[in-house]
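Scroll down for the structure; my scribbles are underneath it.
Residue numbering restarts at 1 for every chain, and letters A, B, ... go by the order of the sequence lines.
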Amino acid sequence: MNDINTTTMGMADFSERGLIHQTTDELEPWLREKSRTMYIGFDPTADSMHIGHLMQVMTLRRFQQAGHRPIALIGGATGMIGDPSGKSQERNLLTVEQLSANTAALKGQMESFLDFEESGGDAILANNLDWMQSFTFLEFLRDIGKNFPINVMLGKDSVKSRLDGESGLSFTEFSYMLLQAYDFVHLHQAYGCELQVGGSDQWGNITAGIDLGRRMHGLALKGMTCPLLTRSDGTKMGKTESGAIWLDPKRTSPYKFYQYWVNIADDDAGKCLRFLTELEMAEIQALDESRQAEPHLRSSQKCLAEQVTRNVHGAAGLATALQATAIFFGSEIHDLDDTQLLDIFADVPSVSASRDRLGSSEFTMIDALVESGLCTSRSDARRAIEQGGGYVNNRRIDSLGYVLTASDLASETVIVLRRGKKKYALIQFANA
RNA sequence: GGUGGGUUUUCCGAGCGGUCAAAGGAGUCAGACUGUAAAUCUGAUGGCAUUGCCUUCGAAGGUUCGAAUCCUUCACCCACCA
């Protein structure tokens with residue numbers, strides 16, 4: 001990054017988007033000066049990031065695009081301990097195997113957001129296990145622990161809230177901040193990293209690192225936190241009845257992922273556009289106006305969903321999501337092949353049936369609805385059909401005795417059943 | 001230990017010998033409307049069968065042509081008295 005563009009390197013866009021919650025210094029001029037190195041840590045608590053991580057990754061990406069050098073730190077070591085910040089209870093420890101699998105998975109996901117060295121960029125992927133592993137307990141106590149006054153540690157919110165609460169805090173979790181603090185110092189030594197960024201709940205850990213840098217080496221490290229992405233109704237962003245929204249398409253299909261954003265409440269859409277997309281502010285403001293003036297178009301949500309899905313799942317993933325959306329809310333399904341269909345309906349339960357049942361009067365719409373699990377009994381299925389709630393390939397069936405035949409196949413072997421507005425099931429007909 | 005009240009379909013809650021698969025409300029499910037929202041409106045809501053049959057009203061027996069409704073015993077819950 002030699003062609004430093006000082007107009008983009010600063011914080012203007014960050015503050016305009018509301019991405020800054022707290023900073024230790026006036027970062028704007030400092031960032032304009034030259035290309036800087038900063039990091040955000042991610043603990044490998046699962047084998048995929050979820051949308052709670054998205055904001056942090058996007059932040060790193062913004063820095064990189066502004067001409068800085070981001071470090072994504074995977075917490076192979078800190079993940080073994082468990083960050084007490086924002087947690088009301090002591091957590092169970094993950095096994096070493098889980099952690100290393102998770103670490104590998106996160107690495108892969110990071111690559112679609114940042115340009116790492118392998119792909120010609122300058123972003124760095126680090127794992128704190130690499131330097132923490134060789135530390136002995138005594139060394140750590142002498143070199144690091146000595147720099148942490150207990151009274152300061154006790155004053156941190158993350159510790160205080162746990163001590164005030166019922167659940168207490170183990171020495172292990174209490175020590176978490178020492179590890180994170182040392183990471184910062186180490187990254188400075190190794191890569192010249194001067195800024196740590198994190199969610200607003202990370203403030204205590206970040207300042208712990210800054211203090212440690214000053215005590216050990218007289219450094220003036222910097223910190224910045226971003227607001228937490230929360231929903232206007234108070235619930236946590238990314239939580240649904242069926243669990244978290246993951247970035248891994250095997251955990252959350254691109255369709256579901258896309259749908260999550262399409263369904264974001266009007267009140268949250270503006271914030272999400274600012275935090276999670278790279279649209280220009282002018283564009284976002286135009287969307288804000290549209291949302292006010294013509295909310296029914298829901299252009300903000302559609303745009304948000306499109307942007308985020310493309311970022312996470314790529315153009316192909318977005319295409320699948322859009323195709324699935326068209327089908328889930330659209331007209332008849334036909335002339336698809338099995339692969340397409342099963343991809344689109346990845347989240348939909350499916351059952352298999354023997355192919356020779358097709359066309360048999362023993363296999364009616366009622367039978368199909370019951371066997372697919374969409375209806376709990378034949379009476380239930382009968383009722384659903386009578387009320388106009390039974391569909392084959394999105395075509396309403398209104399005859400109770402409708403017999404499914406080979407011409408009802410939407411692809412080579414699959415029939416798509418639907419009950420009501422959006423409950424789908426697949427029946428796959430194998431050549432038995 | 002004594003007396004009184006209760007136990008109903010997913011939940012709440014009517015029913016107190018036939019017209020009860022059982023009012024009403026909630027929930028749920030369809031349909032309409034709509035912004036893939038909220039609200040609203042309409043219909044459905046034990047099972048099987050294209051209107052008839054079967055199994056349900058704490059449990060088991062009994063009285064009746066016929067019981068969720070009456071009697072007996074048992075179980076659990078509530079209230080009052082001791």
Side-chain angles (χ1 to χ4, degrees), chain A residues 51 230-242 245 252-273 286-309 313 317-333 344-349 360-404 416-425:
Chain A
I51 65 180
T230 52
R231 283 193 347 193
S232 55
D233 62 7
T235 55
K236 205 170 170 191
M237 181 68 75
K239 285 281 177 201
T240 65
E241 325 71 54
S242 48
I245 303 289
T252 302
S253 72
Y255 165 73
K256 262 196 178 165
F257 186 86
Y258 176 88
Q259 283 294 317
Y260 179 79
W261 300 110
V262 165
N263 283 311
I264 287 283
D266 288 6
D267 290 345
D268 296 323
K271 198 155 65 174
C272 289
L273 283 167
L287 287 167
D288 287 345
E289 279 166 32
S290 159
R291 200 165 59 247
Q292 287 289 316
E294 35 195 16
H296 57 281
L297 294 182
R298 300 178 345 110
S299 37
S300 293
Q301 283 89 340
K302 283 178 189 160
C303 191
L304 170 69
E306 192 183 312
Q307 294 290 324
V308 180
T309 307
H313 294 298
L318 175 62
T320 307
L322 287 172
Q323 195 181 15
T325 297
I327 284 177
F328 277 115
F329 295 96
S331 46
E332 266 188 62
I333 306 166
I344 291 168
F345 289 93
D347 303 314
V348 163
S360 146
S361 60
E362 298 297 297
F363 195 61
T364 63
M365 186 63 182
I366 293 179
D367 296 297
L369 284 172
V370 173
E371 285 186 32
S372 66
L374 288 176
C375 292
T376 55
S377 67
R378 299 178 63 79
S379 303
D380 188 29
R382 182 180 303 274
R383 246 176 260 130
I385 299 168
E386 276 168 353
Q387 293 178 136
Y391 304 79
V392 168
N393 303 330
N394 277 348
R395 187 177 79 250
R396 181 177 284 174
I397 299 298
D398 34 36
S399 139
L400 283 176
Y402 186 85
V403 173
L404 293 171
V416 181
L417 286 175
R418 179 177 137 208
R419 190 242 169 108
K421 249 188 190 74
K422 48 175 97 171
K423 267 186 297 218
Y424 283 86

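- With rounding to the nearest 0.5 Å, the separation of SG in A/Cys375 from CD1 in A/Ile366 is 9.0 Å.
- Comparing B/A26 with B/A68, their C1' atoms sit 22 Å apart, to the nearest whole Å.
- The shortest non-hydrogen separation linking A/Tyr258 to A/Ala321 is CB-CB, 3.6 Å.
- Rounded to whole angstrom, the span from the NZ atom of A/Lys302 across to the C1' atom of B/A37 amounts to 13 Å.
- For the C1' atoms, the distance linking B/G4 with B/U56 amounts to 29 Å, nearest Å.
- For the P atom pair drawn from B/U64 and B/A82, the interatomic distance equals 43 Å after rounding to whole Å.
- Counting any heavy atom pair closer than 4.0 Å across all strands shown, A/Glu294 reaches no nucleic acid atom.
- For A/Ser377, no side-chain nitrogen or oxygen approaches OP1 or OP2 of B/G46 to under 4.0 Å.
- Nearest heavy atom pair, residue A/Tyr424 against residue A/Ile327, reads OH-O, 3.7 Å.
- For B/U8, the base adopts the anti conformation, since its glycosidic angle falls more than 90 degrees from zero.
- Within the structure, a side-chain polar atom (N or O) of A/Arg383 is placed less than 4.0 Å from OP1 or OP2 of B/G47.
- To the nearest angstrom, P of B/U28 lies 11 Å from NZ of A/Lys423.
- For A/Asp380 and B/A44, the CG to P distance is 15 Å, given to the nearest whole Å.
- Here B/C29 presents its P atom at 18 Å from CD1 of A/Ile385, a figure rounded to the nearest Å.
- Put simply, NZ on A/Lys421 is 9 Å from P on B/A30, counting in whole angstrom units.
- OP1 or OP2 of B/G31 lies within a sub-4.0 Å distance of a side-chain N or O belonging to A/Tyr391.
- Closest contact between the side chain of A/Gln259 and the listed nucleotides B/U50, B/G31, B/U36 involves B/U36.
- Contact detail for A/Thr364 and A/Leu404: the closest heavy-atom pair is O-CD1, 4.4 Å.
- Straight-line distance between the P atoms of B/C53 and B/A21: roughly 10 Å, to the nearest whole Å.
- Pair assignment for B/U3: B/A79, on the basis of Watson-Crick or G-U wobble contacts that are both within less than 3.5 Å.
- Look at B/A14: it lacks any Watson-Crick or wobble partner with both distances under 3.5 angstrom.
- Nucleotides B/U34 and B/G18 place their P atoms 49 Å apart, quoted to the nearest Å.
- Of the candidate nucleotides B/U50, B/U36, B/G35, B/U50 has the atom nearest to the side chain of A/Arg382.
- One N or O donor and one acceptor, one from the side chain of A/Gln387 and one from the base of B/G43, sit under 3.5 Å apart.
- As judged by a 4.0 angstrom heavy-atom cut-off over every strand, A/Ser379 is placed among the base-contacting residues.
- Both A/Arg378 and A/Val262 lie near RNA chain B, and the one whose nearest nucleotide falls closer to the 5' end is A/Val262.
- When all heavy atoms are compared, the tightest approach of A/Ile344 to A/Phe328 is O-CE1, 3.9 Å.
- Looking at heavy-atom distances under 4.0 Å, A/Arg291 makes no contact with the nucleic acid at all.
- Around atom CD of A/Glu294, more than 12 heavy atoms belonging to other residues, nucleotides or ligands sit under 6.0 Å away.
- Both distances falling under 3.5 Å, in either a Watson-Crick or a G-U wobble arrangement, place B/A44 opposite B/U28.
- Closest approach of A/Cys303 to A/Leu287, counting heavy atoms only: SG-CD1, 3.8 Å.
- Ion pair A/Asp266/A/Arg298 not flagged as a salt bridge, since none of the NZ, NE, NH1 or NH2 atoms sits closer than 4.0 Å to an Asp/Glu carboxylate oxygen.
- Rounded to whole angstrom, the span from the CG atom of A/Asp398 across to the P atom of B/U50 amounts to 18 Å.
- Residue A/Arg419 places none of its side-chain N or O atoms closer than 4.0 Å to OP1 or OP2 of B/C29.
- Toward the 5′ end of RNA chain B lies the nearest nucleotide of A/Ala384, the other residue of the pair A/Ala384 and A/Thr376 mapping further downstream.
- Going from the P atom of B/U7 to that of B/G58 covers 7 Å, rounded to whole Å.
- Among the atoms of the strands shown, base atoms are found under 4.0 Å from some heavy atom of A/Arg298.
- Rounded to whole Å, atom C1' of B/A49 lies 12 Å from atom CD of A/Glu386.
- Atom P of nucleotide B/G35 and atom CG of A/Leu304 are separated by 20 Å, given to the nearest angstrom.
- Using P as the reference atom, B/U36 and B/G31 are 15 Å apart when rounded to the nearest Å.
- Look at the P atom in both B/A39 and B/G27: the space between them is 10 Å, to the nearest Å.
- Scanning atom types as modelled, no donor and acceptor separated by under 3.5 angstrom connect the side chain of A/Gln301 and the base of B/U36.
- The residue A/Tyr260 sits apart from the nucleic acid: no heavy atom pair falls under 4.0 Å.
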